[in-house]
Amino acid sequence: EFRRVLFRSPAQQRWWFLGCSGSGKTTWARRVAAGCNLTHYELDGTFHQPGWTALSSEEMLLRTQEYAAGDAWVIDGNYSSTRSVLATRPTVVIAMDLPRWRVMRQIVRRSLHRVMAREELWNGNRESWKSLMSWNPETSVIRWAYSRWSQYHERTNWLARYFAGTATHFYVVHSHAELRAILRRDFDLEF
């Protein structure tokens, strides 16, 4: 059965990807943006200024409002300071709610690669061996993901209730295969 839920093409949508660090939200947001020829905004790249300096909540909200003002885009990120905008503008929300073990496997692999390759993330920032080995969630993305997974899981449940009955198409995905199937079935996007 062909079950296309949207009448507009995926390139005319406003997509919001959210989930725990390491869940794959940025990877999938980039894929959808490239596949639909849309502008992609990664909120981590906005928030983390040079030297890992955090952007203020006010400035983060203003920038997100600018990003979301357009007719079609892809945004990924979970910042509470941006929720008032991102809860009203998207036409499609993809909540990456992968099991904790899967998130941890992905984030450890990703962080090891970033540290060994000295990969620049945003604004000259890089993950370091020191941050990789830290037990402080404020300095270790691995520890952050582990300690915050339950919070993101609960937030996903809350957002599912929030978007229920609205025109926004809200999807909770538990695996990359599930997301591929949704994108193929409902948006004719093949990845």
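FYI, side chains are in, hydrogens and waters are out, and symmetry mates aren't considered; it's all heavy atoms of this structure.
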A.B. asks: As an exercise, state the distance from CZ of Arg83 to OG1 of Thr88, rounded to the nearest 0.5 Å.
C.D. replies: 13.0 Å
A.B. asks: Treating Ile, Leu, Val, Met, Phe, Trp and Tyr as nodes and any side-chain heavy-atom pair under 4.5 angstrom as an edge, say whether Tyr67 and Ile94 lie in one connected cluster.
C.D. replies: no
A.B. asks: Count I, L, V, M, F, W, Y as connected when their side-chain heavy atoms are under 4.5 Å apart, and connections chain through other members. Are Leu43 and Leu159 then in the same cluster?
C.D. replies: yes
A.B. asks: Please give me the minimum heavy-atom distance between Ser56 and Glu59, naming the atom from each residue.
C.D. replies: OG-N, 3.1 Å
A.B. asks: Heavy-atom distance under 4.5 Å between the side chains of His153 and Cys20, does that happen here?
C.D. replies: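 With C-beta onward as the side chain, the pair stays apart.
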A.B. asks: Please give me the minimum heavy-atom distance between Gly45 and Asn123, naming the atom from each residue.
C.D. replies: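 Heavy-atom minimum between the residues: O-ND2, 3.1 Å.
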A.B. asks: Parallel under 30°, tilted from 30 to 60°, perpendicular over 60°: which one fits the rings of Trp122 and Trp52?
C.D. replies: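 It falls in the perpendicular class, over 60°.
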A.B. asks: Ignoring hydrogens and geometry, is there a side-chain-to-backbone donor-acceptor pair from Asp97 to His174 under 3.5 Å?
C.D. replies: no
A.B. asks: Quick check: closest heavy atoms across Leu132 and Ser140, and the distance to 0.1 Å?
C.D. replies: O-OG, 4.2 Å
A.B. asks: Using a cut-off of 6.0 Å, state whether more than 12 heavy atoms not belonging to Trp129 lie near its atom CH2.
C.D. replies: yes
A.B. asks: Sequence neighbours left out, what passes ring-ring contact (aromatic ring centres under 6.0 Å, His included) with Trp158? Give chain and number order.
C.D. replies: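 ring-ring contact (aromatic ring centres under 6.0 Å, His included) list for Trp158, sorted by chain: Tyr162.
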A.B. asks: Which pair of heavy atoms, one from Thr139 and one from Ser134, lies closest together, and at what distance?
C.D. replies: OG1-OG, 2.8 Å
A.B. asks: Heavy atoms, side chains only, cut-off 4.5 Å: are Gln12 and Thr91 in contact?
C.D. replies: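 Side chain of Gln12 against side chain of Thr91, heavy atoms only: no contact under 4.5 Å found.
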A.B. asks: Over all heavy atoms of both residues, which pair between Ala145 and Val103 is shortest? Give the atoms and the distance, please.
C.D. replies: CB-CG1, 4.4 Å
A.B. asks: Is there a donor-acceptor contact under 3.5 Å linking the side chains of Tyr79 and Asp44?
C.D. replies: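 A donor-acceptor contact under 3.5 Å links the two side chains.
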A.B. asks: If you take all heavy atoms of Asn125 and Gly51, which pair is closest and at what distance?
C.D. replies: OD1-N, 3.0 Å
A.B. asks: Do Tyr41 and Trp16 come within less than 4.5 Å of each other through their side chains, counting heavy atoms only?
C.D. replies: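 Of all side-chain heavy-atom pairs linking Trp16 with Tyr41, none is under 4.5 Å.
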A.B. asks: Could you give the distance from CG (Leu62) to OG1 (Thr82), rounded to the nearest 0.5 Å?
C.D. replies: 12.0 Å
A.B. asks: Just so I know, are the side chains of His48 and Leu121 near enough to count as touching, which here means a heavy-atom distance under 4.5 Å?
C.D. replies: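 Side chain of His48 against side chain of Leu121, heavy atoms only: no contact under 4.5 Å found.
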A.B. asks: Do Trp144 and Glu138 have side-chain heavy atoms sitting under 4.5 Å apart?
C.D. replies: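 In contact.
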A.B. asks: Determine whether a donor-acceptor pair (N or O, by modelled atom type, separation under 3.5 Å) exists between the side chain of Thr168 and the backbone of Pro90.
C.D. replies: yes
A.B. asks: Measure the spacing between CG of Leu86 and OG of Ser80 and express it to the nearest 0.5 Å.
C.D. replies: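 So the gap between those two atoms works out to 11.0 Å.
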A.B. asks: Go through it in stages, so that I can follow the logic: the residues are Asp186 and His169, the test is side chain to side chain contact (heavy atoms under 4.5 Å, CB included), and I'd like the CA-CA distance, side-chain angles, deciding distance and then a yes or no.
C.D. replies: CA-CA 10 Å; Asp186 293 352; His169 298 279; over 6 Å; no
A.B. asks: Is there a path of hydrophobic side-chain contacts, each under 4.5 Å between heavy atoms of I/L/V/M/F/W/Y residues, joining Val172 to Ile75?
C.D. replies: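 Same cluster.
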A.B. asks: Would you check if Asn136 and Arg143 make a side-chain contact, meaning some heavy-atom pair closer than 4.5 Å?
C.D. replies: no
A.B. asks: Are Leu18 and Arg155 close enough that some pair of their side-chain heavy atoms sits under 4.5 Å apart?
C.D. replies: no
A.B. asks: How many angstroms lie between OH in Tyr152 and CG in Asn78, if you round to the nearest 0.5 Å?
C.D. replies: 5.0 Å
A.B. asks: Just by modelled atom types, is the Val108 backbone N or O under 3.5 Å from a matching donor or acceptor in the Ser111 side chain?
C.D. replies: no
A.B. asks: Please table the atom pairs, donor to acceptor, closer than 3.5 Å between any side-chain atom in residues 26-39 and protein atoms at least two apart or in another chain.
C.D. replies:
residue: Thr26; atom: OG1; partner: Asp76; partner atom: OD1; Å: 2.7
residue: Trp28; atom: NE1; partner: His176; partner atom: ND1; Å: 2.8
residue: Arg30; atom: NH2; partner: Glu42; partner atom: OE1; Å: 3.1

A.B. asks: If I take atom CG from residue Leu55 and atom OG1 from residue Thr53, how far apart are they, to the nearest 0.5 angstrom?
C.D. replies: 10.0 Å
A.B. asks: Would a hydrophobic clustering, with Ile, Leu, Val, Met, Phe, Trp and Tyr connected at side-chain separations under 4.5 Å, put Val93 with Phe187?
C.D. replies: no
A.B. asks: Taking Arg114 for its side chain and Glu119 for its backbone only, find out whether a donor-acceptor pair lies under 3.5 Å.
C.D. replies: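 No.
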A.B. asks: Taking atom CG of Leu183 and atom CD of Glu178, what is their separation to the nearest 0.5 Å?
C.D. replies: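 Leu183 atom CG to Glu178 atom CD measures 10.5 Å (nearest 0.5 Å).
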A.B. asks: Using atom types as modelled and distance alone, determine if a side-chain donor or acceptor of Trp149 lies under 3.5 Å from a backbone N or O of Leu98.
C.D. replies: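 A pair under 3.5 Å: yes.
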A.B. asks: Determine whether Phe47 and Val74 fall in the same hydrophobic cluster, where Ile, Leu, Val, Met, Phe, Trp and Tyr are linked whenever their side-chain heavy atoms lie under 4.5 Å apart.
C.D. replies: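 As far as the 4.5 Å side-chain criterion goes, Val74 and Phe47 are not connected within one cluster.
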A.B. asks: Any non-hydrogen side-chain atom of Gln106 less than 4.5 Å from a side-chain atom of Arg102?
C.D. replies: yes
